[in-house]
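Keep in mind it's a predicted model, so treat the numbers as computed, not measured. All heavy atoms count here, side chains included; hydrogens, waters and symmetry mates do not. Below, chains carry the letters A, B, ... as their sequence lines are ordered, and counting in each starts from 1.
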Amino acid sequence: MPEGAYTSDEMMTVAAARMIRNGVTLFVGIGLPSAAANLARLTHAPDTVLIYESGTIGAKPTVLPLSIGDGELSETADAVVSIPEIFSYWLQGGRIGLGFLGAAQIDKYANINSTVIGDYNKPKVRLPGSGGAQEIAGFCGEVLITLRQNNRAFVKKLDFLTSGGYFEGGDSREKLGLPGKGPTNVITDLGILTPDPETKELTLTSLHPGITVEQVVAATGWPLKVAPKLDVTAAPTAAELSVLRDLNERTARAHAGQA
Amino acid sequence: MPEGAYTSDEMMTVAAARMIRNGVTLFVGIGLPSAAANLARLTHAPDTVLIYESGTIGAKPTVLPLSIGDGELSETADAVVSIPEIFSYWLQGGRIGLGFLGAAQIDKYANINSTVIGDYNKPKVRLPGSGGAQEIAGFCGEVLITLRQNNRAFVKKLDFLTSGGYFEGGDSREKLGLPGKGPTNVITDLGILTPDPETKELTLTSLHPGITVEQVVAATGWPLKVAPKLDVTAAPTAAELSVLRDLNERTARAHAGQA
Amino acid sequence: MTPDLIYDQLIGAGCVKKLVFSWGGNPGVGSLHRLRDAVENGWPQPIEIEEHAHAGMAAAYSAGASNLPFGMLRGYVGTDLVKYNQRIKFIDCPFTGAKLAAIPAHRPDVTVVHAQKADRKGNVLMWGVVGVQKEAVLAAKRAIVTVEEIVDDLHSPPNSVVLPSWVLSAVCEVKGGAFPSYAQGYYQRDNAFYKAWDFIARDRATFQTWIDRHVLGTKDFAEYKRSLEGATSHA
Amino acid sequence: MTPDLIYDQLIGAGCVKKLVFSWGGNPGVGSLHRLRDAVENGWPQPIEIEEHAHAGMAAAYSAGASNLPFGMLRGYVGTDLVKYNQRIKFIDCPFTGAKLAAIPAHRPDVTVVHAQKADRKGNVLMWGVVGVQKEAVLAAKRAIVTVEEIVDDLHSPPNSVVLPSWVLSAVCEVKGGAFPSYAQGYYQRDNAFYKAWDFIARDRATFQTWIDRHVLGTKDFAEYKRSLEGATSHA
C-alpha cells in the first residue's frame, strides 16, 4: 500500500473510534467494535472503560481478544463479575454510557438483524443471534452501529428485528419505555449516517474521502435521505493508522502462537 | 458445680446438638443455635456444613462468633457469598437441610414470634424482628427450635406470627406451598416437644432428667399434649460437657481481648 | 437490613424519621434501646418503620441495583408481616400460577459503606462478609465509601468484590471507620463497646450525656475516637 | 447461552433434539456450520430451537438456581424474538404498572462445566470469566465438574467462586478438558482449531470423516487429544 493509503475497513474503524469520548463506559462486542474501542483507548480516549459481556469491567487488553472469554480481558480488568450480574446490575442497571454493535442487516430506523436471513422457521442463513445485542441496544445511554454498506445489509425491511433502534421512527422508541436514547451514529465503510432529530430516519451526514453520494445511495436498499450540508470524514491520520496496524499486528502475532 | 452437674442451658444445648446429623447442611443463627451447632461439629458431627446468613458457607469457627459478621466465620469458610446470593441460590434454592431458630414466643403449632410483644403498632416490647428467620422456617428441609420454656414464651396466641411452623395445624403448611417440612423438634430447658404426625400439635415426648410432666405443663400457656410413652433425655455426658465448656471458655477468652 | 449501634445513635439523637429494616438488635448482646424507645414510646420523636425479612430486603436491594421496579421471592406467605407492610404484595407466575412475594426496589438517596482499600483512582476493594453492600451502592442515587487505606495498587484477587470509581460519588480514607464493628484484615469488633452500649443506651439521660460529650462535643471522627478512649468503660 | 464447537459436534453427530441458546456462532471466526445445516436443512435431523437474548438466558439460569419459577428482566420489548418464542411473556409490576419480560426458569437435567481446581473433598474453585457456570450448576438436577487438577488445598482467595462438593454429583480430573477453549491460568484457546473447525464443519463429508476418526474412533479424551495432535492441521 502506498504511504498514507488505507483500506475502507481501516477508515471505518478509525471513524468509529473517533466517536468514543474519553472516559465513557463502553459495552463492546468482538470484531470491529472491539478494534475501534481499543484504538480509541490507545489514542485520544485512554480512560475509556471497556466492558465485555462476559463480565469483564475496565479491561485493558494489549492485544485484541479472540472472544469475550479471552484471559486477556479478565486478567487486565478492574473487576470480573458473573454474566447474570453484568446484565442486571451493570447494563440493565443503567450504568453503561455507550454500546457498540455490528449487524447483518439494518433498516432506515436503525433497527438491526443479527438472527436470520429469510424466514425464521426456515431460514436461508441462520446467523448467530442476539447474544447481548438486544439489551445493549435497549439499555446503553447511546449506541454506535458499524457495518459495511451494501444493498444486502441496508434493507427496506429486516428479515428479523433482533435489536431495536428507533422501531417505527418518531417517538416509537420512547413509547416502548426503553431508557437508552438509541443509535446516534451508523459508521460504514462509505460514510456516517445519523438519525433525523424528529423522524429518526437515518440520514447520510458524512462521506468518507473519495466516496460519492451516488455510491452510498446505490448501496442502500431504501431511498436514502442525504443531509443538505454533507461533511467529509477526515482521512485516518498517520498516528491513527500506525496505532491500529500495530494493534492488529500484535494481535496476529499473539494468536499465531496459539495452535 | 459438683462433678457431673450441669445447668439447664447446658442440657438444652446438648440435647439440641444431638439432633444434628453428621453431614447435614445447617443454617444457623447466633446464640444457642450457634453453640449447639458447633458442639455437634466438635463431637459426633464433624462434617456438618455450617451456613450463617451473612453468606459464610462451611464455616469452621474455633470460637463462637460474636455476630454473623465475625471474621472467624468468613476466614474459616469454604465459600463466602453475598447476602442476596445466600438467600436466593442457597436457602430459597432448597439446598439447606436443617435450620435452627430461637424465638421469643411459640404457639402449639410451632409458629414463632420474634417481632413484638403486644400490639405491632404500639408494642410493649419491640424485639429485633425476623432477620432471616422467616425464610429459614420456610425453606430449610426441616427446622429445630430452641428456647427456654415458660408461660410468657409458650403462649396460646402469638402476639405476632413472624415465622411459620405448622400455621393452623394439619396440612395448612403444605397448602401454603412452603417446601420445607417445618419444625421437627422444639428443644427447651425442660424437655423436647415434637409435632403430632397428623394434627401437627406440639407434644411433649421427652423430659430432661429431674423434670416432671407437671413442671412442663405449668410452663406452657396452652393445655399441653403429652405423649403416652415419655422418654427421658440422656443427661449430658462428661465428654459433651467438656467440649461445650471448652468452647465457651475459649470464646470468652478470645472476646475478652476485644476491648 | 440490620441497623446497628450507629442507627441507635441516630435514632436517639432524633435524626431518623423512618427506618426500613429486617433485624434491629445489638448483635449478640440484646436490644437497641434507642430504637425500642422510639418505637414503643415515640421518644425523642415517633419513628415510622417499614419492616421486612432479610430475604425481602436483599431482593429489594438487588432490584434497585438492577433497575427493576420490584424484587421477587418466595416467602412471606402466612406470616403477619404482610398485614402490616403494604409494600409486600403477591404476584402470580405467568407460567405456573405460583404465588410469589414482590417488594418495591430499594433506591436509597445515599448509601454509605465502609471497605478495606481504595486505589488512587478511587476503585474500591472489599472482602470477607460483603453482605449487601455492593447492591446497596449500586441501588443508590449517590454512594460514599470510607476505606481503611488508600494504596497504589489494589492487587485484587480474581473475581473479588471491586467497586469501580465511576459508580461512586466519594471515597474517603477513614482508618478505623467501621468502629465499633469489624473490618476484616484490620481489626475485630470492639465487643466491649457493644456491651457498654447496652448500658449507655438503656437510659435516656445516660444516652444524652454520652452523645453530648462524644458526638456533639467532638469535631471529627478522630476526636470522637480519642474522646471514647479517654472515657472510663466508654460511658 | 453460547453453544461452541462441542455443541456443533453434538449437533452434527445427530445427538441433539433441541437447543436453548442466545448466541450460536464460532466466536471470532464465523458460523457453526453444523448448527446452520441442522436449522436450515434439517441435517442430520431437524433441530428444535428455543432462542433468547443473553440477559434472558442469564435471568432464567438465576431463577433456576433460586428455585423461582421464572426470571424477570426489562427488555425484549418491540423485538421479533417474542413472536417466535412462546416462553417469553410479559408481566406487570404490581407497584408501578411497568411491563417486564418473564422467562421460565432453566432447570437442566444435567449441567457439565470445566473449572480449574478441586480439593480432595470435591470442593471446586474457578476464577476468571466465570460466566453463568455457578448458576447453571445450581439450577441443574445433577452437576458434573471437570477440573484441570485436584489439589490438597484450594487456597481460595476471599470471595472467590467456590462450589462446595455437596452441590455436585461428580468431580473429575480432566487435564486440558476445556479444549479447544480456554482454561485461565492453564492455557489459551487453541485458535488454530477454531479456525480449522470452520473448514471441517462446513462440509458434511469432511465433518463425518473427522468425527468418525477423532471422536467415534477414539476411546477416551486422552486418545481423542492424541489423535488430533497426529492429524495434519486438525483435519
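Heavy-atom distances place the side chain of A:Thr25, and not its backbone, under 4.5 Å from chain C. Of the atoms belonging to A:Glu75, not a single heavy atom falls under 4.5 Å from chain C.
Other residues, nucleotides and ligands contribute over 12 non-hydrogen atoms within 6.0 Å of the NZ atom of A:Lys122. Summarising the local packing, CZ of C:Phe221 is surrounded by more than 12 heavy atoms from other residues, nucleotides or ligands at distances under 6.0 Å. Annotation for C:Glu173: atom CD counts as buried by contact number, over 12 foreign heavy atoms lying within 6.0 Å. The number of heavy atoms from other shown groups lying within 6.0 Å of NZ (C:Lys141) is above 12. The neighbour count for A:Arg250 CZ, taken as heavy atoms of other residues, nucleotides or ligands under 6.0 Å away, is above 12.
Summarising the geometry of C:Asn159 relative to A:Val80, their closest heavy-atom pair is ND2-O, 3.6 Å, with the distance given to 0.1 Å.
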For this session: Walk me through it: do A:Arg95 and C:Leu138 pass the test side-chain contact (heavy atoms from CB on, under 4.5 Å)?
Result: CA-CA 9 Å; A:Arg95 258 166 276 278; C:Leu138 295 179; 3.6 Å; yes

Exercise. Should C:Lys134 and A:Val81 be marked as a side-chain contact (heavy atoms from CB on, under 4.5 Å) after you check the CA-CA gap, both sets of side-chain angles, and the distance that decides it?
Worked result: CA-CA 12 Å; C:Lys134 183 189 251 186; A:Val81 303; 3.7 Å; yes

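With a 4.5 Å cut-off on side-chain heavy atoms, A:Ile57 and C:Trp166 count as touching. Residues C:Ser66 and A:Phe87 fail the side-chain proximity criterion, which asks for heavy atoms closer than 4.5 Å.
Your options are C:Leu154, C:Leu163, C:Asn123, C:Leu68, and the one with the most heavy-atom pairs under 4.5 Å with chain A is C:Leu68.
One finds the CG atom of C:Asn67 at 10.5 Å from the CG atom of A:Leu91 (value rounded to the nearest 0.5 Å).
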